[in-house]
Amino acid sequence: MSNPFRDLPSVARVLEHPALVAARARHSPGAITAAARAGVEALRAAIASGESPVLDVAEIAGRVAARLDAEAAPALRTVINATGIVLHTNLGRSPLHEAAALAAYEAGRGYLDLELDLATGKRSSRQDAVRSDVCALTGAEAATAVNNCAAATVIVLRALAAGREVIVSRGQLIEIGGSFRIPDIMEVSGATLREVGTTNITRSADYEAAIGPNTAAIMRVHTSNYRVRGFTKAVELAELVALGKKHNVPVIDDTGSGQAVDLAPFGLPGEPLVSAGIAAGADLVLFSGDKLLGGPQSGIIAGKASHIAKIERDPLMRAFRLDKMTLAALEATLRLYRDPAKALSEVPTLRMLTTPLAELRQRCEALAGRLRTLPGVAAVVRDDIAYVGGGSLPDVAVPTAVIAVTVAEVSESELAARLRRGTPAVVGRVQGGAVLLDLRAVFERQVDELFAAIERECGGEPGA
Ligand SMILES: *Cc1c(COP(=O)(O)O)cnc(C)c1O
């Protein structure tokens with residue numbers, strides 16, 4: 001009788017195999033030995049429980065090497081976003097312009113004059129890098145930036161209204177997702193929410209009746225991710241400003257999406273312009289840096305200098321301040337807006353959102369033609385709709401083109417899962433028996449990789 005334990009290779013023999021010798025270039029000797037030992041022990045346990053595992057040294061060493069590589073791979077991986085959703089929050093919202101990504105890279109790998117005035121040798125504010133561009137964009141006299149718009153809301157409410165009341169319409173008590181709810185944010189900041197009006201109707205008189213000695217501010221919140229339609233009435237910002245002036249109460253405008261170039265001519269109406277709030281007389285305007293602005297995750301606060309100074313003195317500012325890499329990327333993004341036409345054609349988020357349908361169809365046809373040369377692959381181009389995402393323009397169905405891909409003998413959900421787990425990962429949409437690939441948010445540089453990802457999934461094993 002053969003003894004399978006005797007056929008089990010020793011750890012030393014597995015370690016001598018060329019696959020693991022080569023692995024020494026990528027992994028520490030300790031990690032390789034531990035992985036080889038664990039591999040051999042797992043086989044010993046399998047034999048002990050009556051199984052007959054393959055005991056070939058090459059195969060064992062290959063598996064150990066593959067496992068070491070998989071464990072060493074970073075958890076954050078590149079994704080080809082073929083969903084058509086440009087501001088996909090789960091995929092990191094706005095991709096940065098090359099100049100912004102490069103600025104973050106340079107800031108990250110070295111030193112910079114973050115808080116040092118090189119001309120005078122004196123200490124400066126890190127906010128100086130973005131202040132003037134934000135002021136130019138919004139028309140505000142002062143500005144500051146924090147980690148995101150949620151942080152901006154908290155710090156603004158704290159600095160202006162802690163221990164006092166802030167009046168908000170019941171139609172604007174939003175939840176953005178991830179437990180960002182206006183009533184909760186209000187509580188965290190130490191301000192008291194004073195709700196007025198109803199879900200669908202709030203009038204100027206409702207706000208006015210709520211104003212009293214304890215009122216610190218009136219806040220308007222843009223209903224970013226939903227719209228109230230039908231029998232509705234909300235008070236225009238200009239009217240709130242007039243009310244605020246009459247009673248000497250500041251008006252805060254949380255606009256959310258950060259639209260700095262008008263996208264309405266491109267079929268994307270309904271988001272407030274970042275300059276509209278200040279033009280209407282709001283004391284402070286808040287918006288995200290990584291939604292329609294197309295920059296890094298950040299929250300921008302623009303408005304009256306006295307309020308901005310108060311916000312910057314708040315102890316929480318230290319906790320909410322931007323790091324050097326984000327600040328560098330934000331500065332580079334804002335610079336692109338000095339020429340709005342250039343921003344429109346170069347900021348990736350804006351360029352993707354405004355790509356003409358005919359161009360998308362053409363790009364889809366080109367890739368579909370290549371995909372159809374693969375065995376077992378069907379690729380049909382058709383029109384579809386997509387959404388902007390990231391809690392912007394919730395009711396604007398954006399006309400788009402997609403490639404409906406199927407691979408023989410692979411179900412659409414299996415195909416989507418395999419594409420998702422590949423390198424680079426590809427995320428599309430599963431619908432109507434096919435995987436839909438929308439090229440709107442796919443960079444030109446990724447098209448060959450996208451093709452290769454599908455090539456790998458047809459005809460079985462790679463190279464078979
Ligand atoms: C998106 C949004 C926020 C939160 O912004 P983040 O930058 O994601 O923190 C706050 N308010 C409004 C109105 C928004 O649309």
Side-chain angles (χ1 to χ4, degrees), residues 85-96 130 134 138 143-158 160 166 168-189 191 193 217-228 234 237 240 251-260 263 268-274 276-277 280 282 284-303 311 316-317 319-323 326-327 329-330 333-334 349 353 387-396:
I85 298 166
V86 174
L87 295 179
H88 201 304
T89 300
N90 300 150
L91 300 182
R93 283 198 190 153
S94 282
L96 295 178
V130 294
V134 172
T138 56
T144 198
V146 291
N147 277 325
N148 48 38
C149 194
T153 314
V154 171
I155 201 157
V156 162
L157 290 172
R158 249 180 75 98
L160 268 66
V166 177
V168 185
S169 160
R170 288 196 173 91
Q172 298 172 1
L173 296 176
I174 62 167
E175 168 169 330
I176 289 295
S179 74
F180 178 93
R181 292 174 156 186
I182 290 294
D184 300 341
I185 291 298
M186 205 63 84
E187 203 173 310
V188 164
S189 68
L193 172 64
I218 295 171
M219 182 159 80
R220 185 182 76 153
V221 186
H222 177 52
T223 57
S224 297
N225 49 9
Y226 68 98
R227 298 284 187 260
V228 180
L237 186 61
L240 291 181
V251 174
I252 302 163
D253 189 22
D254 176 7
T255 71
S257 61
Q259 176 184 224
L263 296 175
L268 302 166
E271 289 298 314
L273 274 167
V274 295
L284 287 174
V285 172
L286 328 178
F287 54 93
S288 290
D290 60 347
K291 292 182 180 171
L292 293 177
L293 192 71
Q297 182 192 302
S298 48
I300 294 162
I301 308 167
I311 289 161
L316 261 195
M317 192 62 185
F320 287 174
R321 71 183 186 184
L322 289 176
D323 72 286
T326 308
L327 209 44
L330 182 58
T333 305
L334 289 167
T349 295
L353 285 173
Y387 290 88
V388 173
S392 301
L393 298 151
D395 58 353
V396 178

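Values reported hereafter were calculated over all heavy atoms of this structure, with side chains retained and with hydrogens, waters and symmetry mates removed. In listed order, ligands and their atoms are each counted from 1. These numbers come from a predicted model, not from an experiment.
Considering only non-hydrogen protein atoms, atom 11 (N) of ligand 1 sits nearest to D254 OD2, 2.8 Å. Nearest to atom 7 (O) of ligand 1 among the protein's heavy atoms is S288 OG, 2.6 Å. Closest to atom 9 (O) of ligand 1 among all protein heavy atoms lies A150 N, 2.9 Å.
Side chains of T326 and S298: a donor-acceptor N/O pair is absent below 3.5 angstrom, by distance only.
Interface of F180 with ligand 1, defined as ligand atoms under 4.0 Å from a residue heavy atom, comprises 10 (C).
Side-chain contact between T144 and M317 is present, with at least one heavy-atom pair separated by less than 4.5 Å. Side-chain contact check for V388 versus L292: some heavy-atom pair is nearer than 4.5 Å. Side-chain contact check for V156 versus M219: every heavy-atom pair is 4.5 Å or farther apart.
Taking each of P272, A151, S224, C149 in turn, the one with a heavy atom nearest to atom 15 (O) of ligand 1 proves to be S224. Closest heavy-atom approach to atom 14 (C) of ligand 1 within the set R93, Q297, K291, H222: this belongs to K291.
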Does the pair V146 and L316 meet the rule for a side-chain contact (heavy atoms from CB on, under 4.5 Å), with working shown? CA-CA 10 Å; V146 291; L316 261 195; over 6 Å; no
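Ligand 1 is never approached by T153 to a heavy-atom distance shorter than 4.0 Å.
Shown are D290, V134, L293, L96; of these, the side chain to side chain contact (heavy atoms under 4.5 Å, CB included) with L330 is made only by L293.
For ligand 1, the polar-atom distance check finds no N/O of T255 at less than 3.5 Å from any of the ligand's N/O atoms.
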